[in-house]
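To start, the structure under review is shown below, and the notes come after it.
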Amino acid sequence: MNYLSDEELMNLIESVEHEDMIQAPPDLIGNVLEIVDNEITDNTDDKKDNANSSDKKNIRDESELSNQKTYEERVTEYRRYTFRVVLAMAASLAICILSQVTDIRQHLPDRQEAVTEYKTRQEVIEENKTIYQKVKEAGLFEISENMED
Amino acid sequence: MQTYQNLVFSICLKMTGDYFVSEDIAQETFISAYKHFEDFDGNNEKAWICRIATNKCIDYLKSSARRIIPETEDKFMEQGDLRSEPLSLYLNKEVMEVFGEGCNTLPEQYRKVAVEHFIKGKTAKVIADEMGLNLKTVQTRIYRARQMLQKSMKTEVNA
């Protein structure tokens, strides 16, 4: 089934016009006009939407451009940032060095020294015994018993 | 469009033999003509519009032939032969007679509206005025009558 040739088409038109013409449905034109009208409205709406979106884009672009900094401003900002980083590094180095220097100046005892600083258990017992003897010899226990009575 | 609507619809009906399919194709023809009016060389308007209509009808016939699933291999071969056959044309008056019979089989409330609208070509407003009915009621009846007729036509074709 191929498309009609020009001759076949003209014969068909002629035969329909002369013998077999039928009235079209009454709402044919109305439906076509309605569809075309809707398409035109849709296209107009699409164009409006596109125009609105391009306007918004332009506004956004302009704001982006205004937000863009000049070369000099960006260089200055970079220098400030570099200075802050260097300063932070110098400060951390200074803290490390100072802590080392104070360690050297202040004598911190090593473990053996630290251990020998504390009294052993036996020494504490002996010391307590000595104090007890002294108190006993002085008669302080008897005085306290009399006071309780 | 008003000049060629009867011609285009008649050609479609002659080629497809289906009232509602012809209506759809005629609508598509005018919409397509509107969309591609820039391509028109300005020589023969009637032939140009009728060319669009016939091409759309042939596309429809090809696609509807593809939609029929052959049951056996022999039928598949027959179908292939049918596709290569020259176009068979219907007689519009016969088609409309069958369509009118279809309208007369509709239930009472839809029958008169269908005949007045589809056969006599009256608009819903004219029918509403003549019958003293609400326009919406007539439009609804036309819509339902169309649905019933489409269904009955399909059943007849399948049978």
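Below, chains carry the letters A, B, ... as their sequence lines are ordered, and counting in each starts from 1. Note that these values count all heavy atoms, side chains included, but never hydrogens, waters or copies made by symmetry.
A distance-only check finds no donor-acceptor pair linking the side chain of B/K93 to the backbone of A/I22 [under 3.5 Å].
Screening residues 26-40 of chain B for salt bridge (charged side-chain N to carboxylate O under 4.0 Å, His left out) gives A/E39-B/K35 as the qualifying pairs, with residues at least two apart or on separate chains.
Only the backbone of A/E19 comes within less than 4.5 Å of a heavy atom of chain B; no side-chain atom from C-beta onward does. For A/I35, the part sitting under 4.5 Å from any heavy atom of chain B is the side chain, from C-beta outward, and nothing else. With a 4.5 Å cut-off on non-hydrogen atoms, B/I142 does not touch chain A at all. Using a 4.5 Å cut-off between heavy atoms, B/L7 touches chain A through backbone and side chain atoms alike.
Taking B/Y110 as the reference, nothing meets the ring pair (Phe, Tyr, Trp, His ring centres under 6.0 Å) condition, with sequence neighbours excluded. A search for side-chain hydrogen bond (donor to acceptor under 3.5 Å, both in side chains) contacts involving A/Y132 returns nothing, not counting sequence neighbours.
Of all heavy-atom pairs spanning B/E23 and A/L28, the tightest one is O-CD1, 3.7 Å. Of all non-hydrogen atoms in A/L12 and B/M15, the two that sit nearest each other are CD2-SD, 4.1 Å. Nearest heavy atom pair, residue B/A47 against residue A/I13, reads CA-CD1, 4.2 Å.
By the criterion of side-chain heavy atoms lying less than 4.5 angstrom apart, applied directly or through intervening Ile, Leu, Val, Met, Phe, Trp or Tyr residues, A/M89 is grouped together with A/Y81 in one hydrophobic cluster. Under the 4.5 Å side-chain heavy-atom criterion for grouping Ile, Leu, Val, Met, Phe, Trp and Tyr, B/F37 is connected to B/I49 within one hydrophobic cluster. The hydrophobic clustering, which links ILVMFWY residues whose side-chain heavy atoms are closer than 4.5 Å, places B/Y143 and B/L149 apart. Hydrophobic cluster membership differs between B/L91 and B/V21, with clusters built from Ile, Leu, Val, Met, Phe, Trp and Tyr side chains linked at under 4.5 angstrom.
Atom CZ of B/R144 has 12 or fewer heavy atoms from other residues, nucleotides or ligands within 6.0 Å. The environment of CD in A/E123 is crowded: more than 12 heavy-atom neighbours from other residues, nucleotides or ligands sit within 6.0 Å.
In this structure, the separation between CG on B/L13 and CE on A/M21 is 12.5 Å, given to the nearest 0.5 Å.
Between A/M10 and B/C50 the shortest side-chain heavy-atom distance does not fall below 4.5 Å. Using a 4.5 Å heavy-atom threshold, the side chains of B/T54 and A/E8 count as separate. Side-chain contact between A/V36 and B/F30: absent, with no pair of heavy atoms (C-beta onward) separated by less than 4.5 Å. For the pair A/P25/B/F20, no side-chain contact is recorded, criterion being any heavy-atom separation below 4.5 Å from C-beta on.
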* Worked check of side chain to side chain contact (heavy atoms under 4.5 Å, CB included) between B/Q5 and A/V32 -> CA-CA 11 Å; B/Q5 63 166 337; A/V32 172; over 6 Å; no
* Are A/S15 and B/K14 close enough, and set up right, to give a side chain to side chain contact (heavy atoms under 4.5 Å, CB included), and what steps lead you there? -> CA-CA 10 Å; A/S15 71; B/K14 204 171 182 60; 4.1 Å; yes
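Contacts with chain A (heavy atom to heavy atom, under 4.5 Å) involve these residues of residues 116-133 of chain B, listed by number: B/H117, B/K120, B/G121, B/K122, B/T123.
The cationic atom of B/K62 (NZ for Lys, CZ for Arg) lies less than 6.0 Å from the six-membered ring centre of A/Y3 and within 45° of the ring axis.
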